[in-house]
Novice: 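Quick one: the structure is below, questions incoming.
As a basis for the values below, the full set of heavy atoms in this structure was taken, side chains included, without hydrogen atoms, waters or symmetry mates.
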Amino acid sequence: MSTLEPLYSIKVTCLSCEHEFMTSRVRPSFKKAVRTDADFCAYYKNENPDFYVVRVCPKCGFSSTENSAVKLSDKQRAIFKDKINVRWIERDFGGQREWDTALETYKLALLCAQTIGDTERIIASLLQHIAWLYRYKGDHEQELRFLKFSLESYIQVYEKEGVGANNAKLLYLIGELNRRVGNYNEAVQWFSRVINDKKIIDAAMIRASREQWSVLREEMNAKLMELPEEMKDRR
């Protein structure tokens with residue numbers, strides 16, 4: 001009996017030039033994460049499904065995810081053509097992807113999303129995924145850089161959408177990203193919103209906020225212990 005391969009191909013129609021192309025996906029049976037970080041970054045034993053999220057048109061270079069804009073206006077097509085397509089050298093990202101290829105596809109998707117004015121939520125998510133890719137590599141400096149970009153973007157999402165019962169995950173994530181970049185006071189404020197806002201009934205996010213608030217308290221105490229005595233007295 002033949003062993004099932006982790007990857008399979010799907011046919012996609014480019015939103016910009018309408019060219020049909022094949023792109024790889026990871027089979028659902030291979031998508032079980034070994035572990036997941038508190039900001040939802042997942043780790044896998046075999047192929048990482050996150051490497052295959054972005055679909056890149058080999059003909060024109062338009063790059064997006066299944067959550068991106070479902071169609072482009074004539075204006076968006078014209079802007080993309082003028083800013084990105086004219087510089088595009090045809091290449092195919094349809095097969096297996098290594099880390100560096102995955103990073104290239106995410107940066108292409110980010111560039112496309114920013115160029116056509118896709119939603120802030122899409123841009124925030126792409127920035128966060130780029131941060132995760134650097135985390136996989138152990139590049140803390142670049143990870144932190146993109147986490148900060150992602151955090152700014154998610155805050156813009158919150159400012160546009162406001163708080164509702166469905167936004168508990170967003171509030172939690174803003175708290176967690178603040179914690180990761182060292183904005184401890186801001187992190188406390190965002191976690192407490194999830195815990196104390198009576199409109200929020202997402203039990204999983206309330207529990208996660210309590211857990212990360214505990215982690216945060218330990219980190220703040222550890223930082224306090226590192227301070228010279230005279231600095232502690234001023235606090």
Novice: Filter on side chain to side chain donor-acceptor pair (under 3.5 Å), then keep only pairs touching residues 84-98, sequence neighbours left out; what's left?
Specialist: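 Sorted result for residues 84-98: E47-Q96, R91-E104.
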Novice: I need the minimum non-hydrogen distance between F80 and S16, along with the two atoms involved.
Specialist: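 Nearest pair, atom of F80 first, then S16: CD2-OG, 3.3 Å.
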Novice: Would you check, one step at a time, whether the test side-chain contact (heavy atoms from CB on, under 4.5 Å) holds for T105 with Y52?
Specialist: CA-CA 9 Å; T105 66; Y52 300 92; over 6 Å; no
Novice: Between atom CG of L144 and atom CG of L151, what is the distance when rounded to the nearest 0.5 Å?
Specialist: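 Here the interatomic distance stands at 10.5 Å.
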Novice: Is M22 reachable from V54 through a run of I, L, V, M, F, W or Y residues, each pair having side-chain heavy atoms under 4.5 Å apart?
Specialist: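 Shared cluster, no.
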Novice: Quick one: do F93 and T23 satisfy side-chain contact (heavy atoms from CB on, under 4.5 Å)? Show the steps, please.
Specialist: CA-CA 7 Å; F93 289 90; T23 190; over 6 Å; no
Novice: Might you point out which heavy atoms bring L7 and R27 nearest each other, and give the distance in Å?
Specialist: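 For L7 and R27, the tightest heavy-atom pair comes out as O-NH2, 3.8 Å.
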Novice: Answer yes or no: is there an ion pair linking R179 with E186, defined by an N-O contact shorter than 4.0 Å?
Specialist: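 Salt bridge: no.
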Novice: Could you state whether F62 and L111 fall into the same hydrophobic cluster, counting links through intermediate Ile, Leu, Val, Met, Phe, Trp or Tyr residues with side-chain heavy atoms under 4.5 angstrom apart?
Specialist: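 Looking at the clustering, L111 is in the same group as F62.
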Novice: Should P6 and Y8 count as side-chain neighbours, where that means a heavy-atom distance under 4.5 Å?
Specialist: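 Not in contact.
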Novice: Can you tell me how far CD1 of I116 sits from CD1 of I84, rounded to the nearest 0.5 angstrom?
Specialist: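 I84 atom CD1 to I116 atom CD1 measures 9.0 Å (nearest 0.5 Å).
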Novice: Do you know the tightest heavy-atom contact between G61 and S63?
Specialist: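 Of all heavy-atom pairs spanning G61 and S63, the closest is O-OG, 3.0 Å.
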Novice: Any donor and acceptor pair, going by atom type alone, linking the side chain of D197 with main-chain N or O of R193 inside 3.5 Å?
Specialist: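 Between the backbone of R193 and the side chain of D197 there is no qualifying donor-acceptor contact (under 3.5 Å).
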Novice: Looking only at heavy atoms, what is the nearest atom pair of A102 and F51, with distance?
Specialist: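 Scanning both residues completely, I find the closest heavy atoms to be CB-CG, 3.7 Å.
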Novice: Just wondering, do P49 and Y44 contact through their side chains at under 4.5 Å, heavy atoms?
Specialist: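 A side-chain contact exists here, since the closest heavy-atom pair is under 4.5 Å.
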Novice: Before you tell me yes or no, could you show the steps for Q212 and V215 under side-chain contact (heavy atoms from CB on, under 4.5 Å), namely the whole-Å CA-CA distance, both residues' side-chain angles and the distance that decides it to 0.1 Å?
Specialist: CA-CA 5 Å; Q212 292 312 101; V215 171; 3.9 Å; yes
Novice: Atom NZ of K83 and atom SG of C112: how far apart are they, to the nearest 0.5 Å?
Specialist: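 One finds 13.5 Å between NZ of K83 and SG of C112.
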Novice: Could you check whether any side-chain N or O of R77 sits under 3.5 Å from a backbone N or O of L15, counting only pairs where one atom can act as donor and the other as acceptor?
Specialist: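 Yes.
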Novice: I want to check something: taking the side chain as every heavy atom from C-beta on, are F40 and L173 in contact at a cut-off of under 4.5 Å?
Specialist: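 In contact.
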Novice: Between A113 and L126, which heavy-atom pair has the shortest distance, and what is it?
Specialist: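 Result for this residue pair: CB-CD1, 4.0 Å.
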Novice: Among pairs that include at least one residue of residues 130-151, which meet side chain to side chain donor-acceptor pair (under 3.5 Å), considering only residues two or more places apart or in two chains?
Specialist: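 Matches after skipping sequence neighbours: D37-R135, D39-W132, D39-R135, N48-Y136, K107-Y134, R135-E143, Q142-R145.
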Novice: Quick check for you: to the nearest 0.5 Å, what is the distance between Y184 atom OH and R217 atom CZ?
Specialist: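 It comes to 14.0 Å.
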Novice: Which atoms form the tightest heavy-atom contact between K45 and V34, and what is the distance?
Specialist: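 Scanning both residues completely, I find the closest heavy atoms to be N-CG2, 3.5 Å.
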Novice: Under 3.5 Å, side chain of Q76 to main-chain N/O of S73, donor-acceptor pair present?
Specialist: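 Yes.
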Novice: Using the rule that Ile, Leu, Val, Met, Phe, Trp and Tyr join whenever any side-chain heavy atoms are under 4.5 Å apart, tell me whether L103 and Y43 fall into a single cluster.
Specialist: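 Hydrophobic grouping puts L103 with Y43.
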Novice: What about F191 and V157, same hydrophobic cluster or not, with Ile/Leu/Val/Met/Phe/Trp/Tyr joined at side-chain heavy-atom distances under 4.5 Å?
Specialist: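 Yes, same cluster.
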Novice: The test is salt bridge (charged side-chain N to carboxylate O under 4.0 Å, His left out); show your working for K223 and E219 and say whether it passes.
Specialist: CA-CA 6 Å; K223 288 278 183 200; E219 287 176 346; over 6 Å; no
Novice: Can you tell me how far apart OG1 (T119) and CD1 (I122) are? Round to the nearest 0.5 Å.
Specialist: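 Between T119 OG1 and I122 CD1, I get 4.5 Å after rounding to 0.5 Å.
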Novice: Just checking K59: does its NZ atom have more than 12 heavy atoms from other residues, nucleotides or ligands closer to it than 6.0 angstrom?
Specialist: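 Open: at most 12 neighbouring heavy atoms sit under 6.0 Å from NZ of K59.
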Novice: Going by distance alone, is a donor N or O of one side chain under 3.5 Å from an acceptor N or O of the other, for E120 and S153?
Specialist: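 There is such a pair (donor and acceptor under 3.5 Å, judged by atom type) between the side chains of E120 and S153.
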Novice: Within the structure provided, determine whether R55 and E66 are in side-chain contact (heavy-atom separation under 4.5 Å).
Specialist: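 Contact flag for R55/E66 side chains = yes.
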Novice: Could you walk me through whether Q156 and I123 pass the side-chain contact (heavy atoms from CB on, under 4.5 Å) check?
Specialist: CA-CA 11 Å; Q156 285 185 48; I123 290 167; over 6 Å; no
Novice: Can you find a heavy atom in the side chain of K11 that is under 4.5 Å from one in the side chain of F21?
Specialist: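 No, side chains not in contact.
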Novice: What distance do R25 atom CZ and I10 atom CD1 have between them, rounded to the nearest 0.5 Å?
Specialist: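 Here the interatomic distance stands at 5.0 Å.
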Novice: With a 4.5 Å cut-off on side-chain heavy-atom distances among I, L, V, M, F, W and Y, is there a chain of contacts connecting M205 to L216?
Specialist: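 Linked within one cluster.
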Novice: By the definition ring-ring contact (aromatic ring centres under 6.0 Å, His included), identify the one residue from Y172, Y154, Y158 that meets it with W190.
Specialist: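 Running ring-ring contact (aromatic ring centres under 6.0 Å, His included) over Y172, Y154, Y158 with W190 returns exactly one hit, Y158.
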Novice: Indicate yes or no: at least one non-hydrogen side-chain atom of M220 is less than 4.5 angstrom from one of N185.
Specialist: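 Yes - at least one pair of side-chain heavy atoms lies under 4.5 Å apart.
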Novice: Closer than 3.5 angstrom, by distance alone: can the side chain of N196 be matched with the main-chain N or O of S192 as a donor-acceptor pair?
Specialist: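 Indeed, once roles are kept as given, a pair shorter than 3.5 Å links the two residues.
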Novice: Within the 4.5 Å heavy-atom criterion, are H19 and T13 side-chain neighbours or not?
Specialist: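 A side-chain contact is absent here, since even the closest heavy-atom pair is not under 4.5 Å.
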